[in-house]
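Shown next, in structure tokens, is the structure this report addresses.
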Amino acid sequence: VAPKKFISLPLGNVKPSGWLVDQLTVQTNGLAGHEHEFYDYVAQTDWMGGDSYYSNLEEAGSYWFNAMVPNGILVNNSAINARTSAFLQYVLSHQDSTGWLGPEVNTTKPRYLWGRYPFMFGAIQMVENDPSLTTEVVTALYKFVNLANSMLHAGEGVEAWTQTRWEDFVITLQWYVLYDYHPNGNEALLIDTMKQLKYTGVPWEEVFSATVSITKQVSDLTSQNPFNLPLTWHGVNMAEGLKALPSTYRFTHNQSDLDRASEGWDLLFQYHGRPSGIYAADEYLAGLEAVRGTELCLVVETMFSGSYLYQVIGDPKFPDRVERIAYNALPGTLTGNMWSRQYLQQQNQIASQNMNPNPFPLDGPYSNVFGLEPNYPCCTVNHPQGWPKFITNSFVITPDQSSLVHLYLGPFETTVTLASGNKVKAVVDTQYPFSDSLATTITATKAFTYYVRIPSWVVGGTIAVNGGAAKAVNPVNGLQAVAASAGTTKFVLELPAPITIENRPQGSIAVHRGPLHYALDIARNQTVLAQNSEQPMAVDLQFEATAPWQYAIDPATVKFNAGITPPALPSPIFDSGKPPMTISVSACPIVWPIAGNTFASSPPTNPNCTGPATTIKLTPYGATKLRIGEFPVFKST
């Protein structure tokens, strides 16, 4: 198996600090941290002997486990950690004689492989954090691998979802505890199982091609289904499938796998991308229109896939994209207190309510409501993996284990032992992305080279080491090298960025500065549509606009306002009026039709002003819940 360009750190080695630990605490105090108390698919999950599940894929319990293992450990929440430990022990203790793991044991339920993959991710994270679990978990996984290998050879255990998500099992077999760390003489079994997964699944090397439907909206599966595998074009499957070719490269050693994975990533965002960093898919790939939706599961899965792509390929475009998604699309689709989430978010979102008609061809009218489980329950149990895995993947080490790399910028602390017993601690003090400054303190027992990513949007960045004069950053392949001596090394990064304008359909534009996308935060009222009988904080919310949003803007007039940055950012930071910075721009009212009374039509091209110009403020997208993120254009002079 080919080595990766960078190696991930075990769960618990990287911890959030500052505003980011607050964000994870908000998640823990919100819906994610309480699902095991009241939400049937978790509280009564059949993975732990209960009777609750939402499909025979059996993903509800394992999704939750995969997400809440890192969440609980990173905030040291004893209740969550006790629940995930009990979950692990129940599943392992009920493994049957064939090797099968999961709620199908001692039942007549169909046995499909896919639902096990999130469980294995969660189990492996627990081993990373607590090595005393290694023997028990590795032994159980090998029993399951032997069974899965025989099932794959017999054509069993594979249905449409497993056909698309086989890469998660491949990554388990190689990335975590088996081939890379505990081969135990089973290399041939592991490689054969990887090959069987690939060859019984979606041919992602063909999917990620400009000659196939990845470049088009996919609503007619009969005419855009060249593989007779319709779920290929499903947005979440696509997000997970982004990991497929880098995972197969590790055993095929074919450079074409990496090339096609990189090309597919670019095509996906070229033809379906959003200024919020993510791409559109309201079930299936949805093109560029601002009112089409993006599923929350897709957001967190793309973040995880982008982290893996960087670790295998090493192209800085992947962490640049993941950072944008984390600081825009992820918080933009949850309420500030993280008790309510959407199924689908929109770039231009003028209402969050039961839409009839709605702009989503294959999803229901409740899809953009902020609630407990709008449209489908999958995102309720899956979304909590976003922040914890972003945090864990924010640092990596080089393959020779001699250097530490700070990848995702933000407030973190990490402790790691590098090669030759070099004990290293790095503490990053920053309010990034709400500030351009990052102060890092490194302590090490031996001298080594530390690296920090310099995002592609930085212009005029500087670094000052140990109180010396600031010098221009000079990154190589996105990484700035810092010579860290034995003892303590301190450096300060200043990473300013200009305002940039992104061209969007119908002549509209989107506004960015640094990692943040800026949007008009539409004032709103709130109506409670439903409230859970066991947990009153779990509510479905309708938001309606209470202020005008029909504006064209003049991009020549944009001006960044840093605001006054307090010692500690307000909590929760991703809510209306909370981020300190804004962008002001000249705007004029226009005629902008509403479609179906609940969503905006496409931005009008070359609209006429219907009133005098005014100045409006744009705020970070992640803090908005109703918004305009793609504007028509006018000239104010």
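- By the neighbour-count criterion of 12 heavy atoms within 6.0 Å, atom OH of Y366 is densely surrounded, having more than that number from other residues, nucleotides or ligands.
- Across P319 and Y310, no two heavy atoms sit closer than the pair CD-CD1, 3.5 Å.
- Residues passing the side chain to side chain donor-acceptor pair (under 3.5 Å) test with N532: none are found, sequence neighbours excluded.
- Remark: S352 pairs with no residue by the side chain to side chain donor-acceptor pair (under 3.5 Å) rule, at least two apart or across chains.
- Taking all atoms of both residues into account, the shortest heavy-atom contact from P570 to K578 is CG-O, 3.4 Å.
- Proximity of E534 to H34: side-chain heavy atoms (C-beta onward) are nowhere separated by under 4.5 Å.
- N71 and T28 are linked by a side-chain donor-acceptor pair at a separation below 3.5 angstrom, with hydrogens and angles left out of the test.
- Taking the side chain as every heavy atom from C-beta outward, V236 and R165 approach each other to under 4.5 Å.
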| said: Under the criterion side-chain hydrogen bond (donor to acceptor under 3.5 Å, both in side chains), I'd like the reasoning laid out for N66 against Q125: C-alpha separation, chi angles, the key distance, then a yes or no. | reply: CA-CA 8 Å; N66 175 41; Q125 290 175 91; 3.2 Å; yes
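- In this structure, a donor-acceptor pair under 3.5 Å is absent between the side chains of T107 and E104.
- Going from atom CH2 of W161 over to atom OG of S55 covers 8.5 Å, rounded to the nearest 0.5 Å.
- Listed here is the closest heavy atom pair of A32 and P384: CB-CG, 3.5 Å.
- In this structure the side chain of P603 never reaches within 4.5 angstrom of the side chain of F631, judged on heavy atoms.
- In this structure, CG in D168 is found 10.0 Å from OH in Y308, a value given to the nearest 0.5 Å.
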| query | Where do L113 and W166 land on the side-chain contact (heavy atoms from CB on, under 4.5 Å) test, with the steps shown first? | reply | CA-CA 9 Å; L113 294 172; W166 53 263; over 6 Å; no
| message | Run T333 and Q342 through side-chain hydrogen bond (donor to acceptor under 3.5 Å, both in side chains) and show every step you take. | response | CA-CA 6 Å; T333 195; Q342 293 178 293; 3.1 Å; yes
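- Proximity of E59 to P118: side-chain heavy atoms (C-beta onward) are nowhere separated by under 4.5 Å.
- Y327 pairs with exactly one of Y621, Y408, F434, W19 by the ring pair (Phe, Tyr, Trp, His ring centres under 6.0 Å) rule, that one being W19.
- Counting heavy-atom neighbours within 6.0 Å of K109 NZ, excluding the residue itself, gives a total above 12.
- Two residues are said to be in side-chain contact when any heavy atoms from C-beta on lie closer than 4.5 Å; F304 and I171 fail this criterion.
- Note: W265 and F318 have perpendicular aromatic rings, judged against thresholds of 30 and 60 degrees for the angle between ring planes.
- The shortest distance between side-chain heavy atoms of S367 and D282 does not fall below 4.5 Å.
- When all heavy atoms of R627 and Q347 are compared, the closest pair comes out as CG-O, 3.2 Å.
- At a threshold of 4.0 Å, the pair K198-E205 counts as salt-bridged, since one of the basic side-chain nitrogens sits closer than that to a carboxylate oxygen.
- Under a 3.5 Å cut-off, the side chain of K625 and the backbone N or O of L334 do form a donor-acceptor pair.
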| task | May I have the step-by-step check of ring pair (Phe, Tyr, Trp, His ring centres under 6.0 Å) for F119 and W47, ending in yes or no? | result | CA-CA 10 Å; F119 165 75; W47 277 82; 5.6 Å; yes
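- With hydrogens and angles disregarded, no donor-acceptor distance shorter than 3.5 Å links the side chain of H517 to the backbone of P620.
- For the pair V170 and L197, the tightest heavy-atom approach, listed with the atom from each and the gap, is CG2-CD1, 3.8 Å.
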| said: Would H272 and Y279 count as a ring pair (Phe, Tyr, Trp, His ring centres under 6.0 Å) here? Give the steps. | reply: CA-CA 5 Å; H272 308 280; Y279 61 92; 7.3 Å; no
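- Between W387 and F390, the ring planes are perpendicular. Angles over 60° get that label, and only those under 30° would be called parallel.
- For D51, the side-chain contact (heavy atoms from CB on, under 4.5 Å) partners are Q44, not counting sequence neighbours.
- No hydrogens or angles considered: nothing links the side chains of Q385 and Y63 as a donor-acceptor pair under 3.5 Å.
- Side-chain atoms of K317 and S262 form a donor-acceptor pair, as typed in the model, at a separation below 3.5 Å.
- Distance NE2/H36 to CD1/I80: 6.0 Å, rounded to 0.5 Å.
- The closest side-chain donor-acceptor pair between S62 and R116, if any, does not fall under 3.5 angstrom.
- The distance from atom CG of D521 to atom CD1 of I616, rounded to the nearest 0.5 Å, is 11.5 Å.
- I278 pairs in a side-chain contact (heavy atoms from CB on, under 4.5 Å) with only one of the listed residues (L330, T302, N328), which is T302.
- The CG atom of L344 sits 7.5 Å away from atom CG of N368, with the distance rounded to the nearest 0.5 Å.
- Contact record, W204 with T232: CH2-O, 3.9 Å, taken as the closest heavy-atom pair.
- A 4.5 Å side-chain heavy-atom check between E295 and E283 finds at least one atom pair inside the cut-off.
- Here Y41 contributes atom OH and E373 contributes atom CD; the two are 5.5 Å apart, rounded to the nearest 0.5 Å.
- Proximity of L242 to F208: side-chain heavy atoms (C-beta onward) are separated by under 4.5 Å at one or more points.
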